[in-house]
Student: 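Got a structure here, written out as structure tokens. Questions coming.
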Number of protein chains: 2
Amino acid sequence: MTPQPNPPDPDPAPSARTRNAAATREAILQSALVAFTQHGYNGVGVREIARAAGVTAMLVNRYFGSKEQLFAEVVDVVFSGSTLITDDLPSLGRFAARGLVASEPRSVDGFVLMLRSIADPRATEILRRAIDERQRQLEAMLSGAHAHERAALFLALLLGIRAMQHMLASPTLAGAGEVVTDHLEALFDVLVERR
Amino acid sequence: MTPQPNPPDPDPAPSARTRNAAATREAILQSALVAFTQHGYNGVGVREIARAAGVTAMLVNRYFGSKEQLFAEVVDVVFSGSTLITDDLPSLGRFAARGLVASEPRSVDGFVLMLRSIADPRATEILRRAIDERQRQLEAMLSGAHAHERAALFLALLLGIRAMQHMLASPTLAGAGEVVTDHLEALFDVLVERR
DNA sequence: GTGTCATGTCTACAAGTGTAGACTAGTCAC
DNA sequence: GTGACTAGTCTACACTTGTAGACATGACAC
């Protein structure tokens with residue numbers, strides 16, 4: 001006569017996926033990706049991530065070792081995708097400018113993830129490696145004098161815009177139009193065309 | 001025979017200041033200013049802030065109401081000081097560029113405080129008001145077309161540079177020299193001189 | 001059917017959080 | 001000296017955090 005003696009479990013656990021390791025791991029990763037992007041490394045707990053994935057908190061550590069390692073894998077995944085940088089040098093500035101203003105708020109973006117998690121030292125260490133690689137990649141494209149410095153400034157500009165847009169929810173830059181795009185392109189072009 | 005029966009108190013508590021409300025309040029505020037700037041709103045606890053000020057955690061709430069209100073007052077104080085913006089329009093870009101690269105890592109800066117605390121929703125709400133005011137002030141100076149957008153982009157650039165310098169500890173922009181200063185000035189001038 | 005192992009859950013712990021209330025003690029007026 | 005008020009402390013609570021270990025359970029080979 002004890003079917004569910006304890007109702008304090010507000011966790012429906014979809015359970016559509018039963019005993020599928022790969023799918024479960026992927027579900028946790030996706031859940032973590034969204035959660036970390038929205039609330040930052042410190043702003044979300046493993047229980048919350050697990051619940052959104054339909055599993056228990058312990059499975060997170062089982063599959064990823066620790067919260068920190070999970071975060072590192074999330075960072076890897078996010079920065080594998082295209083983040084506002086194209087291979088075509090002449091249109092680099094235009095691409096970044098349009099990408100910045102065109103993105104809807106819901107999208108997961110590497111720079112937003114970065115900014116939201118930048119307070120925690122462990123997260124920062126992981127993020128530093130990711131941005132370093134991004135900088136090297138950009139530096140190789142921006143050939144010419146002071147490519148190193150210009151690449152760093154390019155990334156700084158990307159980060160700053162994202163900070164104003166998502167973190168501080170600037171109405172000016174969040175729902176931006178032609179004017180902002182044009183100014184942004186001008187800024188990026190200073191760094192791209194500089195020689 | 002019980003001079004100090006309990007040595008588990010690792011809190012020397014300077015106590016040079018005895019029963020001075022104003023000085024204690026100021027000490028807590030300064031301690032919070034440094035702590036919040038270094039570790040962010042979520043990265044530091046009231047006990048830690050209090051200990052650095054030589055008092056007990058409860059005094060923080062006694063003087064400031066709550067951690068959140070303490071943070072709000074810290075933000076007010078920091079953004080009252082000069083933060084990389086001058087009243088002289090022609091040298092605005094030069095001033096910001098030089099200020100950014102000249103600052104030593106130990107200094108308390110409003111934009112660093114902002115970036116470190118940007119993850120917490122309560123802190124963000126407070127910071128949003130601060131940056132909004134800063135933007136209005138800047139917008140009034142940058143007269144001409146699209147002053148609103150140019151001001152927002154100006155602040156975004158400041159934030160981005162600070163993010164790369166302090167948070168991600170970019171060696172390129174942290175210990176920066178003439179090259180970075182020149183590029184930065186060129187970027188700011190795009191926003192200042194644009195008409 | 002049955003054994004076996006990976007997959008997933010439950011309970012628990014130790015640490016840390018912000019804060020409330022009761023308490024102690026210093027300082028100033030008289 | 002002494003009373004009174006304020007500056008400061010102590011203990012405690014309710015909560016959340018990441019994680020460890022023991023336990024349950026589903027799926028597949030034979």
Student: For B/Ile49 and C/dG16, give me the distance from atom CD1 to atom C1', rounded to whole Å.
Tutor: 15 Å
Student: Does anything in residues 113-122 of chain A form a side-chain hydrogen bond (donor to acceptor under 3.5 Å, both in side chains)? List the pairs, not counting sequence neighbours.
Tutor: A/Asn42-A/Asp120, A/Asp120-A/Arg122
Student: How many Å lie between CD on B/Gln69 and C1' on C/dT19, as a whole number?
Tutor: 13 Å
Student: Considering only residues two or more places apart or on different chains, which pairs with a residue in residues 52-61 of chain B satisfy salt bridge (charged side-chain N to carboxylate O under 4.0 Å, His left out)?
Tutor: none
Student: Rounded to whole Å, how long is the line connecting atom NZ of B/Lys67 with atom C1' of C/dA20?
Tutor: 17 Å
Student: Between atom CG in B/Asp120 and atom P in D/dT17, what is the gap in whole Å?
Tutor: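 Nearest whole value for this atom pair: 13 Å.
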Student: Do the side-chain N or O atoms of A/Thr24 get closer than 4.0 angstrom to the phosphate oxygens (OP1, OP2) of C/dT7?
Tutor: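 Result: no.
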Student: For A/His146, what residues pass the side-chain hydrogen bond (donor to acceptor under 3.5 Å, both in side chains) criterion, not counting sequence neighbours?
Tutor: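 For A/His146, no residue satisfies side-chain hydrogen bond (donor to acceptor under 3.5 Å, both in side chains) once neighbours in sequence are set aside.
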Student: Among residues 58-66 of chain B, which contact DNA chain D at a heavy-atom distance under 4.0 Å?
Tutor: B/Met58, B/Leu59, B/Arg62, B/Tyr63
Student: Check side chain to side chain contact (heavy atoms under 4.5 Å, CB included) between B/Arg47 and all other residues, then give those that pass, not counting sequence neighbours.
Tutor: B/Ala57
Student: In whole angstrom, give the distance that lies between atom CD of B/Glu48 and atom C1' of C/dG18.
Tutor: 14 Å
Student: Could you state the CD-P distance from B/Glu68 to C/dT17, rounded to the nearest angstrom?
Tutor: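 Distance, rounded to whole Å: 18 Å.
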Student: Check if the side chain of A/Arg47 and the base of D/dG18 share a donor-acceptor pair of N or O atoms closer than 3.5 Å.
Tutor: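 Side chain to base: pair present.
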Student: Is the closest side-chain heavy-atom distance between A/Leu142 and A/Leu89 below 4.5 Å?
Tutor: yes
Student: What residue pairs, at least two apart or across chains, pass salt bridge (charged side-chain N to carboxylate O under 4.0 Å, His left out) with a residue in residues 69-78 of chain A?
Tutor: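 Every salt bridge (charged side-chain N to carboxylate O under 4.0 Å, His left out) pair that includes a residue of residues 69-78 of chain A, provided the two are not neighbours, is A/Arg25-A/Glu73.
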Student: Could you give the CZ-to-C1' distance, from A/Arg25 to C/dA6, as a whole number of Å?
Tutor: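 So the two atoms are 15 Å apart, to the nearest Å.
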